[in-house]
There are 2 protein chains.
Amino acid sequence: MTPPLHMSLAGQTVDVLRELVLTGEIPPGARVNEVELAQRLGISRGPLREAIRHLASEGLLVLAPHRGASVPTADAADVQALFELRAALECAAAELAASRRTDADVVRLRAVCEESRRAYSAGERFPYRLDLAFHQSLLDAARSPRIAEQVRLVQQRVVLLRSGLRDDPPHQQASLDDHDALVTAIAAGDPSRASDVMRKHLARVCAQMLTSLG
Amino acid sequence: MTPPLHMSLAGQTVDVLRELVLTGEIPPGARVNEVELAQRLGISRGPLREAIRHLASEGLLVLAPHRGASVPTADAADVQALFELRAALECAAAELAASRRTDADVVRLRAVCEESRRAYSAGERFPYRLDLAFHQSLLDAARSPRIAEQVRLVQQRVVLLRSGLRDDPPHQQASLDDHDALVTAIAAGDPSRASDVMRKHLARVCAQMLTSLG
DNA sequence: ACGATGTTAACTGTCGACAGTTGACAGCGC
DNA sequence: GCGCTGTCAACTGTCGACAGTTAACATCGT
């Protein structure tokens, strides 16, 4: 079974290349050689170029004229700017979620929180997968497709930043608490509190990230 | 004098094609024929395709597999979703502007407001140019490059929606008042009020837009 | 006359090759 | 020995042509 079989070569290449970047197989700072990567993927340069430009539009690659594409490296200012954007989007999403959530949404959010705690207690090394799941569930509850789309793009960039960063257990503990508080505010239908909790949550994550690469 | 002479053909084509779409020369719903447009622009299909994909990533074109690109047509739900995103971004920008504004920022914002009123009183048909200038000045004051970038993309889509919409004088009057109130809140360094005014301003603009195409 | 089916034309998706530019290396002058 | 300049290789940017798919049209059957 190959779901993306109907996609164009360029479309498939977008997914493949995205994975190569997000997994760090092409590390930050590394340049992308079109001919080399093209024959490595067994395709021509045309579709590969389209995939590269697409990933560049998502911020996972940066283009320099006549110098090709490379994986971006971020400094403190970049992280700050990125998290300001993320806060703008996710705080709004939290507000909308608090306004529009259904009982089913709350159930789902609670389930993700519980599973996160279970995984954390079980000593799982990367419950980050569940962190993404939580934020995704929140976006579902917000029912704002455009905001959801932009959040996904920002989260991707955050994942890129995280690649090659050690995990921080006490920080993860705090995040679990934040998530619970968020669900409580959303379940209570309190937009402003949900927004506030989200803002503080992201401020903490941002601060942790800044110290992790200072 | 040709400023974009150093840019790649694809880069120039992005600007040209963007203008063709935003001015309505290629109207919403129209499809884009690659070979025809390519020879019309005097270039090959390669750079044109890259430009098309780029504009698609900005939301100014939509791609259908094996059916090419076309200018998107928006329904009420699209407008709603777009303005939810715009509100998330611009409310955050208003907050940041209120926190970070300098005296020079306030002077600039006041100047734009005054010029808008002058143009409106003089009976200028499209002070929309000055509306964009105002929001741009606000973004400058916010000093958040990523948010500013996203706002510009959203505003572009709004411009596309406006293309082929009649102007509404009483609505413009209200917008001028909104802008003044925004500057006042920003000058006072009151983020929550700035955000609130912005939210109401955008709600009004959105509502006006929805009625204009109902 | 209406619907289903085969055919065809147009357009997109993909490929390989050429041209132009960039950055680096080697050679020369000081 | 150090700096400058000319040359060269590598890579990107661009082009034209081929292959595959889609949708519309015409044809055939009922």
Side-chain angles (χ1 to χ4, degrees), chain A residues 1-21 25-73, chain B residues 1-21 25-73:
Chain A
M1 165 190 169
T2 56
L5 194 115
H6 62 286
M7 291 179 65
S8 69
L9 248 186
Q12 298 177 48
T13 305
V14 167
D15 293 338
V16 173
L17 186 51
R18 194 203 314 271
E19 219 60 24
L20 287 177
V21 172
E25 194 155 337
I26 304 178
R31 288 181 47 180
V32 177
N33 188 314
E34 292 185 1
V35 291
E36 174 194 334
L37 186 55
Q39 61 186 26
R40 174 178 161 191
L41 297 179
I43 61 175
S44 182
R45 278 180 59 212
L48 176 58
R49 276 176 70 91
E50 283 189 13
I52 288 175
R53 304 307 164 103
H54 188 95
L55 283 252
S57 79
E58 291 186 1
L60 293 183
L61 291 174
V62 289
L63 302 175
H66 292 285
R67 295 185 62 189
S70 47
V71 182
T73 61
Chain B
M1 163 189 170
T2 56
L5 194 114
H6 61 286
M7 290 179 66
S8 70
L9 247 186
Q12 298 178 47
T13 306
V14 168
D15 294 339
V16 173
L17 187 50
R18 178 186 285 127
E19 219 60 24
L20 286 177
V21 172
E25 194 155 338
I26 304 179
R31 286 182 48 178
V32 177
N33 188 314
E34 292 185 2
V35 292
E36 174 193 335
L37 185 54
Q39 61 186 27
R40 174 177 161 190
L41 298 178
I43 61 176
S44 182
R45 278 181 59 211
L48 176 59
R49 276 176 70 91
E50 284 189 13
I52 288 175
R53 303 306 162 102
H54 187 97
L55 284 246
S57 79
E58 290 186 2
L60 293 182
L61 291 174
V62 290
L63 302 175
H66 291 285
R67 295 185 63 189
S70 47
V71 182
T73 61

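Side-chain atoms are counted along with the backbone in the values below, which use heavy atoms only and exclude waters and symmetry mates. These numbers were taken from a predicted model, which means no experiment stands behind them. Just so we're on the same page: letters track the sequence lines, and every chain starts at 1.
- In this structure, B:L17 CG and B:L55 CG are separated by 4.5 Å, a value rounded to the nearest 0.5 Å.
- If you check every strand for non-hydrogen atoms under 4.0 Å, A:G46 touches nothing.
- For the residue pair B:P28 and B:T73, the shortest heavy atom distance occurs at C-CG2, 3.7 Å.
- Across all their heavy atoms, B:I52 and B:A69 have their closest contact at CG2-CB, 3.6 Å.
- The listed nucleotides are C:dT22, C:dG13, D:dT14; the one nearest the side chain of A:H66 is C:dT22.
- Rounded to a whole Å, the CG atom of B:N33 is 15 Å from the P atom of D:dA23.
- Put simply, B:R53 has a side-chain N or O that comes within less than 4.0 Å of OP1 or OP2 on C:dG13.
- If you take CD of B:E50 and P of C:dT12, they are 16 Å apart, rounded to a whole angstrom.
- Atom pair B:L48:CG and C:dC11:P shows a separation of 14 Å (rounding to whole Å applied).
- If you take NE2 of A:H54 and C1' of C:dG13, they are 17 Å apart, rounded to a whole angstrom.
- In terms of position on DNA chain C, the residue among B:A69 and A:R45 whose nearest nucleotide sits closer to the 5' end is B:A69.
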* Criterion side-chain contact (heavy atoms from CB on, under 4.5 Å) on B:R49 and A:E50, from CA distance to verdict -> CA-CA 8 Å; B:R49 276 176 70 91; A:E50 283 189 13; 2.9 Å; yes
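- In this structure, CD of A:E34 is placed 9 Å from C1' of D:dG13, rounded to the nearest angstrom.
- As a whole-Å value, the separation of A:R49 CZ from C:dC15 C1' is 14 Å.
- Place B:R67 and A:P47 on DNA chain C by their nearest nucleotides, and B:R67 ends up nearer the 5' end.
- Distance, A:Q39 CD to D:dT12 C1': 15 Å, rounded to whole Å.
- Taking atom CG of residue B:L9 and atom P of nucleotide D:dT14, one finds them 5 Å apart after rounding to whole Å.
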